[in-house]
Number of protein chains: 2
Amino acid sequence: MSFQSKEPADRMALFERRCRERGLAMTVQRRVVLEVVLARGDHPTAEQIYEDVKLRIPDISRTTVYRVLDTLVDIGVIGKPSHFGAATRYEPNVHRHHHLICIECGRVSDVEDDETVADIEPLMRKQAGDFAVLDYSIHFHGVCSACAAQARRGDI
Amino acid sequence: MSFQSKEPADRMALFERRCRERGLAMTVQRRVVLEVVLARGDHPTAEQIYEDVKLRIPDISRTTVYRVLDTLVDIGVIGKPSHFGAATRYEPNVHRHHHLICIECGRVSDVEDDETVADIEPLMRKQAGDFAVLDYSIHFHGVCSACAAQARRGDI
DNA sequence: GTGGGTGCAAAAGGTTTGCATAGTG
DNA sequence: CACTATGCAAACCTTTTGCACCCAC
C-alpha cells in the first residue's frame with residue numbers, strides 16, 4: 001500500500017511522472033484542474049471545479065473538465081469517493097448494514113452488521129471529535145465470486 | 001435500534017401502520033412500488049423499479065415512482081444506500097480514508113484511516129466469504145459541529 | 001366532498017458523445 | 001508533423017416541478 005503525499009508539489013511531480021509513463025500530454029488544462037482539486041480541502045463536484053478553473057482559464061469548456069477529471073482519477077493523482085453510480089438506488093434493508101461492491105460488474109450486495117457493531121462502536125466514538133456520529137456504513141470494494149470465476153476462465 | 005423484519009408481509013404491515021399514523025393514503029401505486037422493491041433482492045435504481053411496476057400498473061408514470069420511492073424512504077419502509085448526492089465528487093486524497101457526512105448541511109470531510117485499519121482488517125477477511133475484499137471505505141453519518149452549534153442556538 | 005396523490009409535459013441538473021480544431025511531444 | 005487533447009453543440013440520462021384531474025379517506 002503506497003502512501004501518496006498530499007503536498008501539492010509532490011502530487012504535481014507524481015502527475016508529471018504518470019503522464020510521461022503513459023504518454024499523456026501535460027496540458028495547461030490538466031495541470032490547472034489538478035491544482036484546483038489539490039487547493040480545495042473539500043470534495044468538490046465537477047461544476048465547482050469548473051468554476052475555479054475558469055478563473056484561471058476563462059475559455060475552458062465544461063467537457064474538458066469532465067474529461068480531465070476522469071483522466072486524473074485513472075492515473076491515480078486524485079480520488080473519487082465511492083459511489084454506486086449515477087442513479088439513486090433503493091433497497092429493502094432498513095437497518096444498519098454494509099455493502100459489497102464488485103469493481104468488475106458493479107453489483108452491490110448486503111452484509112449484515114451483527115456483531116461487527118461491537119468492533120466499530122469505539123471507532124465511532126473516536127472518530128467523532130466535534131462531529132456527532134449517528135450511524136455509519138461500510139463500502140467493501142472487491143471482486144465478486146462470479147467475476148473471479150470468469151477471470152479464472154481467462155475471460156479477464 | 002429497532003430491527004425491522006425483512007419479510008414482505010411484515011413490511012407491508014409496517015407500511016400500513018406508518019401510513020395510518022401519518023395520514024398518508026394507501027394507494028395501489030405505493031403498495032406495488034413497495035412490493036416490487038421487497039421482491040428484488042438487489043439494489044434497484046428508480047428506472048428498474050419503474051420497469052417492474054409497469055408490468056402490474058402499465059399506466060403508472062415515472063414521476064409517481066420517484067415520488068413514491070421518496071415517500072417510502074421517508075416513512076422508513078425501504079432504504080436508500082448512503083450517497084453523496086447527485087453529482088460525482090472528487091478529492092485530493094488517494095489513499096485509504098473515510099468520510100464524515102453531515103446529514104444537515106451535506107458537507108463531507110475526511111477521516112484518516114491510520115491505526116483504524118487494524119480494527120477492520122479481520123472484518124475484511126471475515127466479510128469476504130466468496131467475495132474478495134480489496135479495500136473499504138466507511139461513511140460516518142452525523143451532525144457536524146457547525147450544524148450542531150446552529151441547532152443549539154435554536155435555529156434548528 | 002375534500003385534500004392529498006397521480007399523470008403529463010416541460011424543465012432542470014449532470015454527464016457523455018461526435019466532430020472539427022488546436023496544441024503537445 | 002502526427003497524434004492527442006480540447007471546445008462546441010447536441011444528445012442523453014436522471015430527477016424535479018407546475019398544474020389539472022382523480023381517488024382514498
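Lettering follows sequence order; numbering is per chain, from 1. Please read all numbers here as calculations on a predicted model, not as lab measurements.
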K.L.:
Which angle, to the nearest 10 degrees, lies between the helix axes at the two ends of the helix from C/dG1-D/dC25 to C/dG25-D/dC1, each defined by five pairs?
P.N.:
40°
K.L.:
With sequence neighbours excluded, tell me which residues meet side-chain hydrogen bond (donor to acceptor under 3.5 Å, both in side chains) with B/R67.
P.N.:
none
K.L.:
What residues, two or more places apart in sequence or in another chain, satisfy side-chain hydrogen bond (donor to acceptor under 3.5 Å, both in side chains) together with B/T88?
P.N.:
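Counting only residues at least two positions away or on another chain, B/T88 forms no side-chain hydrogen bond (donor to acceptor under 3.5 Å, both in side chains).
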K.L.:
Check whether the ring centres of B/H83 and A/H83 lie less than 6.0 Å apart, and answer yes or no.
P.N.:
yes
K.L.:
Residues of residues 20-27 of chain A with any non-hydrogen atom less than 4.0 angstrom from an atom of DNA chain D: list those, numerically ordered, please.
P.N.:
A/L24, A/A25, A/T27
K.L.:
Does the side chain of A/R153 come within less than 4.5 Å of A/Q150's, by heavy atoms?
P.N.:
yes
K.L.:
Please work out which residues in residues 79-89 of chain B have a non-hydrogen atom less than 4.0 Å from an atom of DNA chain C and list them by number.
P.N.:
B/A87, B/T88
K.L.:
Short of 4.0 Å, heavy atom to strand atom, which residues of residues 31-38 of chain A count as contacting DNA chain C?
P.N.:
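Contacts with DNA chain C under 4.0 Å: none.
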K.L.:
Considering only heavy atoms, which members of residues 39-58 of chain A lie under 4.0 Å from some atom of DNA chain C?
P.N.:
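Going residue by residue through residues 39-58 of chain A, the ones with a heavy atom under 4.0 Å of DNA chain C turn out to be A/A46.
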K.L.:
For B/N93, enumerate each residue passing the side-chain hydrogen bond (donor to acceptor under 3.5 Å, both in side chains) test, keeping only those at least two apart in sequence or located in another chain.
P.N.:
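If we apply the side-chain hydrogen bond (donor to acceptor under 3.5 Å, both in side chains) test to B/N93, skipping adjacent residues, the hits are B/H95, B/D110, B/E112.
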K.L.:
Which of these passes side chain to side chain donor-acceptor pair (under 3.5 Å) with A/H99: A/R89, A/H141, A/H139, A/E91?
P.N.:
A/E91
K.L.:
Quick check on contacts: within residues 60-73 of chain A, what sits under 4.0 Å from DNA chain C by heavy-atom distance?
P.N.:
A/T63, A/Y66, A/R67
K.L.:
Is the gap between the ring centers of A/H98 and B/Y136 under 6.0 Å?
P.N.:
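No - the distance between ring centres of A/H98 and B/Y136 does not fall below the 6.0 Å cut-off.
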K.L.:
Sequence neighbours excluded, which residues qualify as side-chain hydrogen bond (donor to acceptor under 3.5 Å, both in side chains) partners of A/D74?
P.N.:
none
K.L.:
Can you give the first and last nucleotides of DNA chain D, 5' to 3', that have an atom under 4.0 Å from a heavy atom of chain A?
P.N.:
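With heavy atoms of chain A under 4.0 Å away, the range is D/dA5 to D/dT15.
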K.L.:
Within the side chain of B/R30, is there an N or O that forms a donor-acceptor pair under 3.5 Å with the backbone of B/A25?
P.N.:
yes
K.L.:
Chain B on DNA chain C: first and last contacting nucleotide, 5' to 3', under 4.0 Å to a heavy atom?
P.N.:
C/dG5 to C/dT15
